[in-house]
Amino acid sequence: MAISRSEITIDRHALRSNVRRLKEGLGRTQLWAVVKANGYGHGAETVAATALAEGASALCVATIGEGMRLRQAFPDPRILVLSPCSPSEYPLAREGRLDLVAADGPLPEGIPLHLKIDTGMGRWGVGVGEAIVSHRDVVGLMSHLASADIDPEFTELQIARFATVASEYPELICHIANSAALLRFPSARFDAVRPGIALYGLSPFGTDPMEDGLRPVLSWRSRVVQVKQLAPGESTGYQRRYIAADPTWIGIVPVGYADGFCRGLSGSEVLVGGMRRRVLGTISMDSFAVGLDRPVSVGTVVTLIGDGLLAEEHARLLNTITHEIVCGLNPSPTRTRRAVLG
Ligand SMILES: *Cc1c(COP(=O)(O)O)cnc(C)c1O
């Protein structure tokens, strides 16, 4: 590889396979692809194009800006902005023919609106039982689940609350399911589902995505740029957090926390030439060290995510979810190269 520090690869075969998997059993329920935050770091346009080609009916984003950018590439599909926006953004939303989520009045004119019901997320939306604003531009009724990944009881309660309201508005498009609910709660399907993380082949449950028939879409690889041996008592990295007890071979990898390889991943495993090796010492802004059982050639591939090394593994060590791992990858071409396969 011409020396680029790292490369992010997006596998469209895997993405297509995930859309097909998520559409299984949906019947007439539409699949709306959630591509906010640049498609969870995967590239919103690439993901949107592939999902639409596989039968997704709409795109969901977080901001007006994300919606406007996608509208340039995709003139036709519904694009729903999930997060609240300010009235100053309404003209732009109208120009981009974006759908907006609304909770209570005053509501904008001339913009398709999805009324949000707070069934238990405790965030944004009108309470169950509160007056639902009637407005001629309302096309949808929606809610969002707080714990579909871990709490079946509360999820069923939220779904039941939503179903009660939804049954009063048969003319509206009703939608509540995220990835976890789509995979585990058939009763959450209604007229459309809004999967994000599962599209990308990442498990909403933090387990191996293969268990749900999903294939990881993103791989992230770098190379060893230097190989050296530490003598006993010598250290590598800031604050000397790793000190060699025995003569120890290490490789230096030109990726750090500014690239999205979090400082908390010290002690995690990466693949060096396909073999699991441990990250040693403090991860720097632009590089880290990996332990080797013997010297390898400079240029040996280091896989940070992919080739069987799951993002879920890093997420677990960081006590977070894979959403945060992939959204945290620095997309700048000044730091990493991107390739799309398939
Ligand atoms: C992000 C988001 C989703 C998708 O959630 P996943 O867990 O990634 O499937 C669905 N609905 C809303 C309102 C969201 O903000």
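As the structure is a computational prediction, the values presented were derived from the model and not from experiment.
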Next on the checklist: Would you say CD of E24 has more than 12 non-hydrogen atoms from neighbouring residues, nucleotides or ligands within 6.0 angstrom?
Outcome noted: yes
Checklist entry - Roughly how far apart are I197 CD1 and L182 CG, rounded to 0.5 Å? => result 13.5 Å
Checklist entry - Does the pair E313/R276 count as a salt bridge with the N-to-O cut at 4.0 Å? => result yes
Checklist outcome for this item: For H323, the ring pair (Phe, Tyr, Trp, His ring centres under 6.0 Å) test, sequence neighbours excluded, returns Y40
Checklist entry - Which atom pair, heavy atoms only, marks the closest approach of T46 to L15? => result O-CD2, 4.5 Å
Item to check | D118 and R123 ion-paired at < 4.0 Å | outcome: no
Checklist entry - Can you list every pair that meets ring pair (Phe, Tyr, Trp, His ring centres under 6.0 Å) and has a residue in residues 262-292, with sequence neighbours left out? => result F261-F288
Next on the checklist: For D246, give me all partners under side chain to side chain donor-acceptor pair (under 3.5 Å), at least two apart in sequence or on another chain.
Outcome noted: none
Checklist entry - Rest of the hydrophobic cluster containing Y257 (Ile/Leu/Val/Met/Phe/Trp/Tyr, side-chain heavy atoms under 4.5 Å)? => result M285
Checklist entry - side chain to side chain contact (heavy atoms under 4.5 Å, CB included) between R5 and D259: does it pass, once the steps are laid out? => result CA-CA 10 Å; R5 300 167 65 252; D259 300 281; 2.7 Å; yes
Next on the checklist: Strictly by ring pair (Phe, Tyr, Trp, His ring centres under 6.0 Å), give each pair with a member in residues 52-96 just once, sequence neighbours left out.
Outcome noted: none
Checklist entry - Roughly how far, to the nearest 0.5 Å, is CG of L70 from CD of E45? => result 6.5 Å
Checklist entry - Between E312 and L202, is any pair of side-chain heavy atoms under 4.5 Å apart? => result yes
Item to check | Qualifying ring pair (Phe, Tyr, Trp, His ring centres under 6.0 Å) pairs with a residue from residues 141-170, counting only residues at least two apart or across chains | outcome: F162-F190
Item to check | Atom pair CZ/CG of R241 and L280 - distance to nearest 0.5 Å | outcome: 13.5 Å
Checklist entry - Using 4.0 Å as the upper bound for N to carboxylate O, is an ion pair formed by D286 and R335? => result yes
Checklist entry - How many angstroms lie between atom CG of L145 and atom OG of S179, to the nearest 0.5 angstrom? => result 11.0 Å
Item to check | Side-chain cluster (under 4.5 Å, hydrophobic types only) that L271 belongs to, other residues | outcome: L309
Next on the checklist: Between S266 and R263 (side chain of the first, backbone of the second, donor and acceptor by atom type, cut-off under 3.5 Å), is there such a pair?
Outcome noted: no
Checklist entry - How many angstroms lie between atom SG of C60 and atom NE2 of H175, to the nearest 0.5 angstrom? => result 7.5 Å
Checklist entry - Minimum heavy-atom separation for D151 to T155, with atom names? => result O-OG1, 2.7 Å
Next on the checklist: Considering only residues two or more places apart or on different chains, which pairs with a residue in residues 205-252 satisfy ring pair (Phe, Tyr, Trp, His ring centres under 6.0 Å)?
Outcome noted: none
Next on the checklist: Do the side chains of R221 and D307 get close enough for a salt bridge, i.e. N-O under 4.0 angstrom?
Outcome noted: yes
Next on the checklist: How about CG on D293, more than 12 heavy atoms from neighbouring residues, nucleotides or ligands closer than 6.0 Å, or not?
Outcome noted: yes
Checklist entry - Can you name the residues that form a side chain to side chain donor-acceptor pair (under 3.5 Å) with R240, not counting sequence neighbours? => result S235
Checklist entry - Roughly how far, to the nearest 0.5 Å, is the OG1 atom of T50 from the NE2 atom of H42? => result 11.5 Å
Checklist entry - In a check of side-chain contact (heavy atoms from CB on, under 4.5 Å) between W32 and each of I79, I173, L59, which one passes? => result I173
Next on the checklist: Going by side chain to side chain donor-acceptor pair (under 3.5 Å), name the residues that satisfy it together with Q229, two or more places apart in sequence or in a different chain.
Outcome noted: none
Checklist entry - Is a side-chain donor or acceptor of N18 paired with a backbone partner of A14 at a separation under 3.5 angstrom? => result yes
Checklist entry - Apart from I321 itself, what residues make up its hydrophobic cluster, given side-chain heavy atom links below 4.5 Å? => result none
Checklist outcome for this item: Tightest non-hydrogen contact, residues T236 and A289, listed as OG1-CB, 3.6 Å
Item to check | Pair E66 + R69: basic N to acidic O under 4.0 Å | outcome: no
Checklist outcome for this item: Sorted by chain and residue number, the side chain to side chain donor-acceptor pair (under 3.5 Å) partners of E324 (sequence neighbours excluded) come out as T320
Checklist entry - Taking it one step at a time, do L31 and L22 satisfy side chain to side chain contact (heavy atoms under 4.5 Å, CB included)? => result CA-CA 8 Å; L31 186 146; L22 295 174; 3.8 Å; yes
Next on the checklist: Tell me if a side-chain donor or acceptor on N38 pairs with a main-chain N or O of G41 at a distance below 3.5 Å.
Outcome noted: no
